[in-house]
Amino acid sequence: MKKVIKYSFLVIVIAIVSVLLALVINEKINQKVHLTEYTYIDSRIPASFDDSKILFLSDLHQAPFAEDIISYAKDILPDFFVITGDMAQLPDTKIDETLKIVKALNEMKIPVYAVSGNHERQGGEYDRIIDELWAADVYMLENSSIEIEKNGGKITLVGIKDPRHNEVTEYKEKVIKENIAYELSKYPDNFSILLNHRSDIYPVVKDTGADLILSGHLHGGIIRLPFVGGLIGKNGENSRLPAYEYGVIKEGESATMIVSGGCDKNPKKKRYFNPPELLLITLKRK
C-alpha cells in the first residue's frame, strides 16, 4: 500500500513539473516571431514568378515584433510582402508597429499589399487607418485588385474589405463573391492570389476563381495540441475546435488556402503551444 502511495505521489510530482516546464517553454517561444515556410506549386504560375517569395503577416495586433519581422525581411528579401488585416488591437486603433515594418520594407524597396481585418473595421477609425497605410505606400486591396508584372509574366492580387460585423450575413457573402468575381474578370488568364482576413469564410470564397487564398483571423485556435489542432475560435457555433484555423487547407478541386496562426502578443488572450509566426510562401511553377 505504501509503495502505491509513493508511486502515485511521484506520478503527480512528475506531472506538475512537466506542466510547469511546458509553460516556461511556452512563455519563452512566445517572445519572438517564428518563420513558417510553405511551398505552393501550380502550373498556372508564370515562369518568371517561379521561385518568387512572399512574406505573409496576419493579426499583428500592435504586438512589439516589428524588429523581428524586419530582420526576416532583410534576410529573405521577398518579392513582395502581404498583410491580411488586424494590424490594430481594439479598443486602441493605432497601427504603429505595422507602420514601422512598412517603413523598413519601403527602404528595402519591397512592395507591400494589404487588406483590412475586423479590428480595423470595428474601431470607428477605418478611414484614418486606411489613409495612414496608403500614405505609407501600402497598396490597400479593399475590394480591389492589382496586376503584378515580372519579366513579362503577370499575376493578380485581389483583396476583400473586411465585412466588419462578427456574423457574416448571406447578403454580405453574396457581395463578397460578386466583388471577387468582378476583380478576377479583369485579368481572366492570370494566376491569382486572394487576400482575405477571415479564414472561416473559406466555404464562401473557395470557388470564386482565385488560385491561392491567404487568410488569418482565428489565431491558429489560440491553444494548439498535437493531433487535435486549435481549440478556440470566435463566438458562435464554431467557437470550439474551429475549422479553417491554421495551415494548408484544400477541399476537393477548390482553391488552396494558407492560414496564418497570427503574430499577436496579447496577455488577455495568451497563446499556448502556438508561437507568433510570419509566413514565407515560395511559388513554384509545376
Under the ring-ring contact (aromatic ring centres under 6.0 Å, His included) rule, collect the residues that match up with His217, sequence neighbours excluded.
->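 Testing His217 for ring-ring contact (aromatic ring centres under 6.0 Å, His included), a comparison that skips the adjacent residues, returns His197.
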Check ion pair Glu178-Lys174 (N to O, under 4.0 angstrom) =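 Judged by the 4.0 Å cut-off on N to carboxylate O distance, Glu178 and Lys174 do form a salt bridge.
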Could you verify whether a donor N or O on one side chain and an acceptor N or O on the other, from [X] and [Y], lie under 3.5 Å apart?
X      : Y      : value
Glu277 : Thr36  : yes
Ser116 : Asp162 : no
Thr93  : Glu125 : no
Gln89  : Lys94  : no
Asp92  : Gln62  : no

Whichever hydrophobic residues join [X] through chains of side-chain contacts under 4.5 Å:
X      : answer
Tyr171 : Val175
Ile41  : none
Val205 : Val158, Ile160, Val168, Ile176, Ile180, Leu184, Leu194, Ile201, Tyr202, Val204, Ile213, Tyr244, Ile249, Met257, Val259

Asn151 vs Ser48, side chain to side chain donor-acceptor pair (under 3.5 Å): CA-CA, chis, key distance, verdict | CA-CA 6 Å; Asn151 298 328; Ser48 59; 5.7 Å; no
Tell me, yes or no, whether the heavy-atom count around Lys53 atom NZ, taken from other residues, nucleotides or ligands under 6.0 Å, exceeds 12.
->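 Yes, the 6.0 Å shell around NZ holds more than 12 heavy atoms from other groups.
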Considering only distance and modelled atom types, tabulate donor-acceptor pairs under 3.5 Å from the side chains of residues 63-74, sequence neighbours left out.
unit_1: Asp68; atom_1: OD2; unit_2: Val33; atom_2: N; d: 3.0
unit_1: Tyr72; atom_1: OH; unit_2: Val33; atom_2: O; d: 2.9

Does Arg224 make a cation-pi contact with Tyr272 (under 6.0 Å, within 45 degrees of the axis)?
-> no
Salt bridge (charged side-chain N to carboxylate O under 4.0 Å, His left out) with Glu251: which residues, sequence neighbours excluded?
-> Lys206
